[in-house]
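Structure, as structure tokens:
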Amino acid sequence: MKVLYFAWLRTKIGCAEEEIDLPDTVKTVGDVLDYLRTKGEVYAEALGEDKVIRVALNQDYAQMDDTIQNGDEFAIFPPVTGG
Amino acid sequence: MKVLYFAWLRTKIGCAEEEIDLPDTVKTVGDVLDYLRTKGEVYAEALGEDKVIRVALNQDYAQMDDTIQNGDEFAIFPPVTGG
Amino acid sequence: MIRVQKENFDVGAEINALSHGNTAIGGICSFVGLVRDFQHTKEDNTRVCAMTLEHYPGMTEKKLAEIEETARQRWPLEDVLIIHRYGRMEPGENIVLVVTASAHRQAAFESAQFLMDFLKTKAPFWKLEEDNTGTGSWVDARESDDDALSKWEK
Amino acid sequence: MIRVQKENFDVGAEINALSHGNTAIGGICSFVGLVRDFQHTKEDNTRVCAMTLEHYPGMTEKKLAEIEETARQRWPLEDVLIIHRYGRMEPGENIVLVVTASAHRQAAFESAQFLMDFLKTKAPFWKLEEDNTGTGSWVDARESDDDALSKWEK
């Protein structure tokens, strides 16, 4: 699945976009975050429970229990600060 | 005293401005209106109790019991409709 | 700054001029009121094709200046502009412009709305509508304008 | 209409273009957000001298279009324009513009404020402030922006 990072999540993780192979057990948005946290210390910290992050699935805001599908675009970013 | 009329009060009374000699008994804004009502049927009708009018004394909104003085500018007009 | 004038004004040019060079400004709110085409609004099938705004020279300037001062006391404003026209205007023409500039967006929005609500109920202007038969009729004040004003009285 | 662009825009020209020729419009409200000069706001005496707005291409356009659509359903609007820039900007530069045109002034004011409140909390933009030592820092979201949004949820 394609995973995008923005703002400090992008700078912290060190890339704007990566392709992640997910195990079959990963079924929801929350599962994806849990899986990413196992990918190393940088991921564990950037996606830590103390961090306020937002997730968009196919360019719409997503909830933790939303189901993911093959080919989805998954984006992780901090609360927005535009305007 | 100089009395100014605006909008439909001007067209009804037929002039924009006139000099009115007031008797000494006229002391308040309300007294002025009462006196003007005695000046003829056109005045009595234009300033009738059924009409919603506003008064400005020296270019500030005035109340019925405000005291008038020699040389005041007295204006009568309907509720405003600008903007 | 306030201006009472017969001539039209260029909304864009006024806004651009106001903001220019002041980097303390974080937001600029503007409102322009225009003469609407009143077609179909009258029961007798006549059509309003122009309006004439009468005003009370002297008192108009005094009231607009007071309204500006009240807004400046109530909100932290970097700049304020009020332009109100008088005279004859046709549909599509500008009548009034308010522009407020502040460090904060909420202050800019609220003060612009406040200025318009006060203008509508306190500035001595009166609209005479002219229909296509040449008949003029004075526009009545609207209760909704008084209601809009009352929300600022707290 | 929405536009997401790197280039600056001319507030005045945009407003003038939007109103042109539609005599059903009685009022036009606009808000422009600008980069403020943040001098003295940081404790370490550094000074913010520019900012870079990152965004999520695709999602940005999608969200702005949704926000426009929501406003059009909620208020009787003749026209809506949203322009949001991304990239590097210096103090005094325009960041965002919303313009709403309606027959009624209340609708124009409220919808413009609604659009700005939604933009601030839902459009995927992120500000990176750059100070005079060359250090960049990501701006935190403000609770007051969420509060501003909540008033529309009724």
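Chain A is the first sequence line, chain B the second, and so forth, proteins listed ahead of strands; every chain is numbered from 1. This structure is a prediction, so every number in the text was calculated from the model and none was measured.
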Between B/R54 and chain C, with a heavy-atom cut-off of 4.5 Å, which part of the residue counts as in contact: side chain, backbone, both or neither?
neither

Quick one: does B/N58's side chain get under 4.5 Å of C/M59's, heavy atoms only?
no

Using a 6.0 Å cut-off, check whether atom CG of B/D50 has over 12 heavy atoms from anything other than its own residue.
yes

Counting only heavy atoms closer than 4.5 Å, note whether C/L128 contacts chain B via side chain, backbone, both or neither.
neither

Under 4.5 Å from a heavy atom of chain B, the part of C/K120 involved:
both

CD of B/E41: more than 12 outside heavy atoms within 6.0 angstrom?
no

Shorter than 4.5 Å, heavy atoms on both sides: which option in C/M116, C/K63, C/R85 has the most such pairs with chain B?
C/K63

Heavy-atom closest contact (B/Y5 atom, C/E54 atom, distance)
O-OE2, 4.4 Å

Heavy atoms only: give me the nearest B/V80-C/A141 pair and the separation to one decimal.
O-CB, 3.9 Å

Per-residue contact mode, C/K122 against chain B (heavy atom under 4.5 angstrom):
both

Give me the ring orientation class for C/W126 and B/F77: parallel if the planes are under 30° apart, tilted from 30 to 60°, perpendicular past 60°.
tilted

Are any of the side-chain heavy atoms of B/E73 and C/Y56 separated by less than 4.5 Å?
yes

Report yes if some heavy atom in the side chain of B/T81 is under 4.5 Å from a heavy atom in the side chain of C/M51; otherwise report no.
no

I need the residue from B/G83, B/P78, B/A16 with the largest number of non-hydrogen atom pairs under 4.5 Å to chain C.
B/G83

Part of C/D140 lying under 4.5 Å from any heavy atom of chain B:
backbone

